[in-house]
A.B. asks: 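Just dropping this structure here.
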Amino acid sequence: MRNSTLKVYNSLTRNKETFKPINEGYIGMYVCGPTVYNDVHLGNCRTFVSFDIIYRYLLYSGYKVRYVRNITDVGHLLDDGEDRILKGARLEQLEPMEIVQKYTNGFHKMMTIFNTKKPSIEPRATGHIIEQIEMVQDIIDNGYGYEKNGSVYFDTVKFANEGKGYGKLSGRVIEDLLSETRDNLKNQSEKNHPSDFAIWMKAAPEHIMKWNSPWSVGFPGWHLECSAMSTKYLGKTFDIHGGGNDLKFPHHENEIAQNMGACSCQPANYWLHTNMLLMNGRKMSKSDGNTISPEELFTGDSPHVTKGFSPMAVKFFFLQSHYSSPNDLTNDALIAAEKGYKRLMQAYKTLTGLTTAGNGNSLDAEFNDMMETAFNDMDDDFNTPKALSRLFELVTKINSLKEGHIDINQLSAEALENLKKHFSAFLFDIFGLLDEQEAGGGNSQALNGLMDLIIDIRKSARENKDWTTADKIRDKLKELSIEVKDGKEKTGWIIN
RNA sequence: GGUCGCGUGGCCGAGCGGCUAGGCAGAGGUCUGCAAAACCUUGUACGGCGGUUCGAAUCCGCCCGCGACCUCCA
């Protein structure tokens, strides 16, 4: 366990706070997962990659983490009131559960492509109808819910008037909400007040996904599933709740209200919100064409990019910005990220090949400090861009060691091992990057042997000043996307 | 209109009262058969206008621009 202080920005208090888990050494973390009615959006990928890195860093720091990320498969309605899942089913002429399965599979595949760790528990809303019905009953019993024609609504006015803090997370002021009453009186509504929200909805006869309940045959409100499932798996109050900042209101605000209404307890001590992914400075929007899917990004099949970018290049691009800042996706930025990613991975390979006679240790402190600083950056609200900048300072040092500009023998064997260990931990354990050259190479055993042979032949040619042969080998390899790099000592190669 | 947040060099993006962020691109150099890679050196900055302060990209006010959200039934 790293004995350092972790600080996180808490959306609830709008302050960076020292993180203290409820139970020392253990962390409960809930993140709102996707509604599986469509292919996963690139912006969602950024959010889940961000929380994956948070999860990984907490694990690396020595915590036992229970990471719960749900699958929303019912209740998330569209503006027109249609259930997103049912709309998907209607459009594709599939069973609702086929839609759910299809897009859950797609989501999982994408999470694997981005090399994220699986959550500890991935509960589905439809698998927790009973828990949700029980929670609705608790809310009614405590006086915060009322039934109208088979639907049940949460009484936000009563909740707010008791000073329970409705609107605290999102900055909404209940007085403002109350003042809107007059404008809304003309609307036909079962709700006592416009800011009230449904926690159970009576289903229309033709509605497919519906369950029996004390109030009607119906289905749970969208916000309820997260309250019910986080309570079930993490307890009434747990440590971290995460999600995209577009969920702050109403979803997270209502979640807090539901938990408070059901058991008078705050669901989470720390609320973490990721910011939006933009493209070319504007929000991604299907309606005006300013959007790109992960697949299009990988293949380059989009007018917004000049070429395809590998998943790890994209992930590296995400890492270069803080999770709570907006991130602007542009072709130029992706090209820059791709090159940066390759340089980082190449430096790691260089590092693994370094050895030291270890007869000095004057560099030990400097290298250890640089590595330590990177960890401190992660402790400061998971500042991946800052940590990355530290890693790149080390990249320069590593290359200087290789080139002999810095005397590696001034680094003790222990310090070098330490550097290798921690650099690797950062790249693979914490950031969850993959070496795509290795992964893509597949049968790297044979490939490496083959390349050794080819480079040896070229070396002989060069020694004989047979530049024609040497350049032919180099050019042919380049056509195969293999780049030869002549170093001082020996010749290396990478697959581009 | 309301709530929350953002505007940093050619591009992306950290920093958030005094100290070089970093990546990519650019310039000069080292190395090299040539090239690439690598290494060294280096320029360019904090939307605008005021204010607070010994000192502001960093705090405050106003303005301009941008983003998210503003709750099924609406």
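Below, chains carry the letters A, B, ... as their sequence lines are ordered, and counting in each starts from 1.
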A.B. asks: Can you tell me how the ring of His207(A) sits relative to the ring of Phe219(A), calling it parallel under 30°, perpendicular over 60° and tilted otherwise?
C.D. replies: parallel
A.B. asks: Between rG7(B) and rA14(B), how far apart are the two C1' atoms, rounded to whole Å?
C.D. replies: 15 Å
A.B. asks: When both hydrogen-bonding distances must be under 3.5 Å and the geometry is Watson-Crick or G-U wobble, what is rA25(B) paired with, if anything?
C.D. replies: none
A.B. asks: Which one is paired to rG43(B), where only Watson-Crick or G-U wobble pairs with both distances under 3.5 angstrom count?
C.D. replies: none
A.B. asks: Taking OP1 and OP2 of rG5(B), is either one under 4.0 Å from a side-chain nitrogen or oxygen of Asn245(A)?
C.D. replies: no
A.B. asks: Using purine N1 to pyrimidine N3 plus N6-O4 or O6-N4 for Watson-Crick, or N1-O2 and O6-N3 for G-U wobble, both under 3.5 Å, which nucleotide pairs with rC4(B)?
C.D. replies: rG67(B)
A.B. asks: Would you classify Ala336(A) as touching base, sugar-phosphate or nothing, given that sugar-phosphate means primed atoms plus P, OP1 and OP2, and contacts are heavy atoms under 4.0 Å?
C.D. replies: base
A.B. asks: Which value, in whole Å, describes the distance between the C1' atoms of nucleotides rC6(B) and rC46(B)?
C.D. replies: 14 Å
A.B. asks: Side-chain donor or acceptor of Arg390(A) under 3.5 Å from a matching atom on the base of rA21(B)?
C.D. replies: no
A.B. asks: Would you tell me whether Asp73(A) and Tyr37(A) have side-chain atoms, one donor and one acceptor, within less than 3.5 Å of each other?
C.D. replies: no
A.B. asks: With both distances under 3.5 Å as the test, what is the Watson-Crick or G-U wobble partner of rC54(B)?
C.D. replies: rG18(B)
A.B. asks: Taking the P atom of each, how far is rC39(B) from rA45(B), in whole Å?
C.D. replies: 26 Å
A.B. asks: What's the closest nucleotide to the side chain of Lys386(A) if the choices are rA14(B), rC4(B), rC12(B)?
C.D. replies: rA14(B)
A.B. asks: Within the 4.0 Å heavy-atom criterion, would you say Met201(A) contacts the bases, only the backbone, or no part of the nucleic acid?
C.D. replies: base
A.B. asks: Hey, does Phe219(A) reach any base, or is it just sugar-phosphate, or nothing, if we go heavy atoms under 4.0 Å?
C.D. replies: nothing
A.B. asks: Using the C1' atom as the reference point in each nucleotide, state the distance between rG1(B) and rU8(B) in Å, no decimals.
C.D. replies: 31 Å
A.B. asks: Write down the partner of rA38(B) under the Watson-Crick or G-U wobble criteria, each distance required to be under 3.5 Å.
C.D. replies: rU30(B)
A.B. asks: If you look only at distance, which donor and acceptor atoms sit under 3.5 Å apart when one is on a side chain in residues 303-310 of chain A and the other is two or more places apart or in another chain?
C.D. replies:
| residue | atom | partner | partner atom | Å |
| --- | --- | --- | --- | --- |
| His304(A) | NE2 | Gly289(A) | O | 2.9 |
| Thr306(A) | OG1 | Asn331(A) | OD1 | 2.9 |
| Thr306(A) | OG1 | Asn331(A) | ND2 | 3.4 |
| Lys307(A) | NZ | Glu338(A) | OE1 | 3.0 |
| Lys307(A) | NZ | Glu338(A) | OE2 | 2.8 |
| Ser310(A) | OG | Ala313(A) | N | 3.2 |
| Ser310(A) | OG | Glu436(A) | OE1 | 2.5 |
| Ser310(A) | OG | Glu436(A) | OE2 | 3.2 |

A.B. asks: Touch check for Gly244(A), heavy atoms < 4.0 angstrom, all strands: base, sugar-phosphate only, or nothing?
C.D. replies: nothing
A.B. asks: How about His223(A) and Asn254(A): does a side-chain donor come under 3.5 Å of a side-chain acceptor?
C.D. replies: yes
A.B. asks: Select base, sugar-phosphate, or nothing to describe what Ser151(A) touches, counting heavy atoms under 4.0 Å on all strands.
C.D. replies: nothing
A.B. asks: Could you give the CG-to-P distance, from Asp196(A) to rC72(B), as a whole number of Å?
C.D. replies: 12 Å
A.B. asks: Under 4.0 Å, heavy atoms only, any strand: does Arg474(A) hit a base, just the sugar-phosphate, or nothing?
C.D. replies: base
A.B. asks: Which nucleotide wins on minimum distance to the side chain of Asp246(A), given the candidates rC72(B), rC40(B), rC69(B)?
C.D. replies: rC69(B)
A.B. asks: Out of rG13(B), rU71(B), rC34(B), which has the shortest distance to the side chain of Phe197(A)?
C.D. replies: rU71(B)
A.B. asks: Using a heavy-atom cut-off of 4.0 Å across all strands, would you classify Glu393(A) as base, sugar-phosphate, or nothing?
C.D. replies: sugar-phosphate
A.B. asks: Counting Watson-Crick and G-U wobble pairs only, both distances under 3.5 Å, name the nucleotide matched with rG61(B), or none.
C.D. replies: rC49(B)
A.B. asks: Using the P atom as the reference point in each nucleotide, state the distance between rU58(B) and rC16(B) in Å, no decimals.
C.D. replies: 13 Å
A.B. asks: Looking only at atom P, what distance separates rG2(B) and rC62(B), rounded to whole Å?
C.D. replies: 12 Å
A.B. asks: Could you measure between the two C1' atoms, the one in rA25(B) and the one in rU44(B), and give it in whole Å?
C.D. replies: 12 Å
A.B. asks: Please classify the nucleic acid contact of Lys248(A) as base, sugar-phosphate, or nothing, using heavy-atom distances under 4.0 Å.
C.D. replies: sugar-phosphate
A.B. asks: Select base, sugar-phosphate, or nothing to describe what Asp471(A) touches, counting heavy atoms under 4.0 Å on all strands.
C.D. replies: base
A.B. asks: Could you check which of rC11(B), rG13(B), rG33(B) has an atom nearest any side-chain atom of Thr330(A)?
C.D. replies: rC11(B)
A.B. asks: From the options rC70(B), rC39(B), rG67(B), select the nucleotide whose nearest atom is closest to the side chain of His405(A).
C.D. replies: rC39(B)
A.B. asks: What nucleic acid atoms does Pro385(A) come within less than 4.0 Å of, heavy atoms only: base, sugar-phosphate, or nothing?
C.D. replies: base
A.B. asks: In whole Å, what separates the C1' atom of rG51(B) from that of rG15(B)?
C.D. replies: 24 Å
A.B. asks: Counting just side-chain N and O atoms, does Ser325(A) come under 4.0 Å of either OP1 or OP2 of rA14(B)?
C.D. replies: yes
